[in-house]
Amino acid sequence: MTAPILSISRRTRETPFTSMNRDAAVKGYTVYNHMLLPTVFESIEADYHHLKRHVQLWDVACERQIEIRGPDAARLMQMLTPRDLRGMTPGQCYYVPIVDETGGMMNDPVALKFSDDRFYISIADSDLLFWAKGLAYGFRLDVDVNEPDVFPLAVQGPQADELMARVFGDQVRAIKFFRFSMLSFEGHEMPVARSGYSKQGGFEIYVTGAEIAGPLWARLMQAGEDLQVRAGCPNLIERIEGRLLSYGNDMTRENTPHECGLGRFCDTQTAIGCVGRDALLRVASEGPVRQIRNFSIDGDAVPPCTALWPVFADGERVGRISSAVWSPDFKTNVSIGMIRMTHWKDGTRVEVETPDGMRTATVREKSFT
Ligand code: THG
């Protein structure tokens with residue numbers, strides 16, 4: 001049997017790194033924000049081991065930027081999120097839940113603040129641009145909202161500091177977690193942040209202009225040869241172990257940030273202007289009745305999790321699994337799901353209905369890492 005292919009067209013946008021991925025023998029793609037996102041190079045397990053030991057270059061250009069510019073930029077930003085942005089200073093990144101008027105999750109991006117009148121929102125997979133433009137128009141805000149030619153390149157893994165220092169200088173070592181500096185490469189200035197969709201440490205370079213993507217990729221590859229640098233991508237196993245959520249998979253507009261375990265990124269009381277504030281004030285006072293947890297699912301490797309798997313306790317449905325995969329390091333199936341408060345305590349035993357039968361599983365309050 002041959003695997004089906006993904007037909008690529010103008011809608012499934014290529015990135016400035018697509019030809020580099022091809023040269024690195026990319027084996028799988030998904031589509032994220034209407035753009036190609038590699039999912040596997042050697043194998044998901046080989047990519048995972050390499051990521052945890054060495055350093056990888058990730059084409060995450062699909063983390064599209066929404067640029068908000070103008071006198072009302074800060075006001076629009078605060079309308080979008082229940083996280084209080086008043087303490088955010090230029091050069092900071094904030095992980096920000098974005099909610100609609102019902103308090104439902106619209107996206108879970110990383111925001112970058114350049115100044116009071118300029119931000120980037122580095123979005124997850126939903127068309128947040130239209131919601132932001134709609135709010136700006138509807139409220140007659142004095143802002144420009146657009147998607148600039150910025151293409152994030154992540155450098156992830158334990159050797160990321162060493163590799164980045166060789167290309168951008170020792171100043172990268174001083175960049176703190178979720179902060180960015182404007183650094184230059186061949187005369188191009190770009191934000192370089194200590195962040196990324198893994199728990200292995202590293203940076204994200206917001207490559208400004210497609211023309212510099214090739215030279216930067218080549219320089220990083222050459223500088224990191226002895227560090228065994230290679231192309232990689234967000235890794236399914238590593239991100240589930242670290243409980244990094246995937247919008248559209250682990251949560252949707254049906255969920256509040258509190259259900260997603262993102263209550264620590266909400267300051268609903270003081271986030272004056274957030275369109276979901278009233279709705280969230282109601283749920284924040286009572287607390288959620290179901291929440292995201294990790295689970296370990298017993299038995300050998302589970303099949304790919306491409307739909308929600310029901311979770312049962314004593315024959316009653318109490319939750320669902322949204323991501324699951326075999327972990328070579330933890331020697332169990334690691335997973336992310338949502339479960340009712342009656343069963344969300346650490347160590348609770350439940351049953352998961354997978355496509356190849358019922359499996360026993362254990363709720364984990366903490367992530368695997
Ligand atoms: N980096 C950037 N943009 C992104 C992602 C990213 N856009 C899409 C997607 N990833 C958005 N989702 C996430 C999810 C988790 C995190 C970042 C973006 C993340 N979480 C830290 C954690 O859970 O450990 C917490 C961060 C904090 O403590 O503030 O990093 O990866 N540019």
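First listed ligand is number 1; within each ligand, the first listed atom is number 1.
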How far is atom 4 (C) of ligand 1 from its nearest protein heavy atom, and which residue and atom name does that atom have?
Glu63 CD, 3.4 Å

Atoms of ligand 1, numbered as shown, that sit under 4.0 Å from any heavy atom of Lys199
22 (C), 23 (O), 24 (O)

Heavy atoms only, cut-off 4.0 Å: how does Tyr247 contact ligand 1, side chain, backbone, both, or neither?
neither

Asp329 versus Tyr48, side-chain donor and acceptor atoms under 3.5 Å:
yes

Give the residue and atom name of whichever protein heavy atom lies nearest to atom 29 (O) of ligand 1, and the separation in Å to one decimal.
Phe265 CE2, 3.6 Å

May I ask you to check if ligand 1 and Ser122 share an N or O to N or O distance below 3.5 Å?
yes

Within the 6.0 Å centroid threshold, strictly below: Phe119 and Tyr94:
no

Any heavy atom of Tyr120 closer to ligand 1 than 4.0 angstrom?
no

Report the member of Ile121, Asp125, Leu244 with the shortest heavy-atom distance to atom 21 (C) of ligand 1.
Leu244

Test the Arg194-Phe178 pair against the cation-pi criterion, namely NZ or CZ under 6.0 angstrom from the six-membered ring centroid and within 45° of the ring axis.
no

Under 4.0 Å from one or more heavy atoms of Gly196, ligand 1 contributes atoms 31 (O)

Going by the atom numbers of ligand 1, which of them fall below 4.0 Å from some non-hydrogen atom of Asp108?
11 (C), 12 (N), 13 (C), 14 (C)

Would you say Arg173 and Gln171 are linked by a side-chain donor-acceptor pair, where the criterion is simply a distance under 3.5 Å?
no

For Asn249 and Ser322, does a side-chain donor sit closer than 3.5 Å to a side-chain acceptor?
no

Once you restrict to heavy atoms under 4.0 Å, what part of Trp58 touches ligand 1? Side chain, backbone, both or neither.
neither

Distance only, no hydrogens: is a donor on one side chain within 3.5 Å (strictly under) of an acceptor on the other, for Ser327 and Glu241?
yes

Value for OG (Ser43) from NE2 (His49), rounded to nearest 0.5 Å, stands at 8.0 Å

So, Gln56 versus His50: side-chain donor-acceptor pair below 3.5 Å or not?
yes

Which is closest to atom 14 (C) of ligand 1 in terms of heavy atoms, Phe178, Tyr95, Tyr206?
Tyr95

Of the backbone atoms (N, CA, C, O) and the side-chain heavy atoms from C-beta on, which set of Ile123 has a member under 4.0 Å from an atom of ligand 1: side chain, backbone, both, or neither?
backbone

Transitive ILVMFWY side-chain link Tyr206 to Leu57, under 4.5 Å:
no

Can you list the ligand 1 atoms lying under 4.0 Å from a non-hydrogen atom of Tyr32?
8 (C), 9 (C)

At less than 4.0 angstrom from any non-hydrogen atom of Val110, what atoms of ligand 1 do you find?
1 (N), 2 (C), 17 (C), 18 (C)

For Glu204, counting its heavy atoms only, list the atoms of ligand 1 lying under 4.0 Å from any of them.
1 (N), 2 (C), 6 (C), 31 (O), 32 (N)

Distance-only donor-acceptor check, side chains Asp108 and Tyr95, under 3.5 Å
yes

